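See structure below.
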Protein chains: 2
Amino acid sequence: MGATKTDHFTESQNELAILAKALGHPARIAIMEYLLKVDACICGDIVNELPLSQPTVSQHLKELKNAGLIKGSIEGNSICYCINEPGLEKIKGFFEYISEHLAKKKNECC
Amino acid sequence: MGATKTDHFTESQNELAILAKALGHPARIAIMEYLLKVDACICGDIVNELPLSQPTVSQHLKELKNAGLIKGSIEGNSICYCINEPGLEKIKGFFEYISEHLAKKKNECC
DNA sequence: TATTTATATTGCAATATTACGATATAAAAT
DNA sequence: ATTTTATATCGTAATATTGCAATATAAATA
């Protein structure tokens, strides 16, 4: 085996998993943090920020983009990346939902 | 290659990535949702909720536990699982942090 | 004590991810 | 037109993940 049984889960569960998975690598967390740190969209120089080769960074950027967490537009010579809010809000919503429910019921047993 | 270059990133980045990665599978999203849906900790019957074999579910539970997203305590014959709030709050905080920063700067360029 | 019930571990095959060198592409600068 | 600069894609090796059958463990029950 080895392939995830995507068919057996709801669309929402698969979507959330894709978003979470995209952030399941420190390089991709670092990219998100960097996009946020710099007070603008980043046109270039993401590669220099990370301890990884250019092709590897490019691949990580692609995964974040596919998951809908960042977006990139061609800006002359380079590419301008920034965070894609809708994707981010979707996964943020999942954690808020859990957090709210937990607050309501105050689990006792564990 | 194939191994993540954990050393090159900060502890915080690695921690967040571990938490996100643990949720990067629809079965594990489903487990979290189920733990929340039932108004208590689950002692047993998680296996019957998922379209996966018992060993596979056990493995997914282990991963969520290792990441610090759930906790389980032995309850006689079965094991009682529930959500581990600190782990959840940590990753929730990351998304809130991003969301707040985004609201502040209202990206213009992309 | 033997059996049932609930969960974990082991072992392994199929597939996915990570990383990077080499190479491609395409706009900018010379 | 050629070279430089920025990024993407291809190919591939190393490693990790997914899933399950078989088996182990350990408490509950008969």
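Here the structure is a predicted model, which is why all the values come from computation and not from measurement. Lettering of chains follows the sequences in order, A, B, ..., and the numbering in each one begins at 1.
Between B/His8 atom NE2 and C/dC20 atom C1' the separation is 13 Å, expressed in whole Å. Atom CD1 in B/Ile18 sits roughly 10 Å away from atom P in D/dT17 (whole-Å rounding). The distance between atom CD1 of B/Ile79 and atom P of C/dT5, rounded to the nearest whole Å, is 18 Å. Separating the CG atom of B/Leu64 from the C1' atom of D/dT18 is a distance of 14 Å, rounded to the nearest angstrom. Whole-Å rounding puts the A/Asp7 CG to D/dT18 C1' distance at 14 Å. Protein atom CZ of A/Arg28 is 8 Å distant from nucleotide atom P of C/dA19, rounded to whole Å. The CD atom of B/Glu49 sits 13 Å away from the P atom of C/dT7 (whole-angstrom rounding). For A/Glu63 and D/dT9, the CD to C1' distance is 14 Å, given to the nearest whole Å.
Of the residues near DNA chain C, A/Asn77 and A/Gly24, the one whose nearest nucleotide (by heavy atom distance) lies more toward the 5' end is A/Gly24. Both A/Leu52 and A/Lys21 lie near DNA chain C, and the one whose nearest nucleotide falls closer to the 5' end is A/Lys21. Projected onto DNA chain D by closest heavy-atom contact, A/Thr56 and A/Ser78 fall at different nucleotides, the more 5' of which corresponds to A/Ser78.
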**Asked** Which is it for A/Leu52 and A/His60 under the side chain to side chain contact (heavy atoms under 4.5 Å, CB included) test, yes or no, and what are the steps along the way?
**Response** CA-CA 10 Å; A/Leu52 296 169; A/His60 284 307; 3.9 Å; yes

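At least one side-chain heavy atom of A/Met32 sits under 4.5 Å from a side-chain heavy atom of A/Leu88.
Here A/Glu33 does not pair with A/Lys37 in a salt bridge; the nearest charged N to carboxylate O distance is not below 4.0 Å.
Note on B/Ile74: nothing from the nucleic acid sits closer than 4.0 angstrom, heavy atoms only. Using a 4.0 Å heavy-atom distance criterion, B/Lys65 is classed as making no nucleic acid contact. Across all strands shown, A/Ser58 has heavy atoms under 4.0 Å from base atoms, whether or not it also approaches the sugar-phosphate. Using a 4.0 Å heavy-atom distance criterion, B/Gln59 is classed as a base contact.
Within the 4.0 Å cut-off from OP1 or OP2 of D/dT9, at least one side-chain nitrogen or oxygen of A/Lys62 is found. Taking only side-chain nitrogens and oxygens, B/His60 comes nearer than 4.0 Å to OP1 or OP2 of D/dG19. The phosphate of C/dA8 has OP1 or OP2 within less than 4.0 Å of a side-chain N or O from B/Tyr81.
Using a 30° and 60° split on the angle between ring planes, A/Phe9 and B/His25 fall in the perpendicular class, above 60°.
A donor and an acceptor atom sit less than 3.5 Å apart, one in the side chain of B/Gln54 and one in the base of C/dA8.
Between B/Leu64 and the choices B/Leu23, B/Leu35, B/Asn84, B/Leu19, the side chain to side chain contact (heavy atoms under 4.5 Å, CB included) rule is met once, by B/Leu23.
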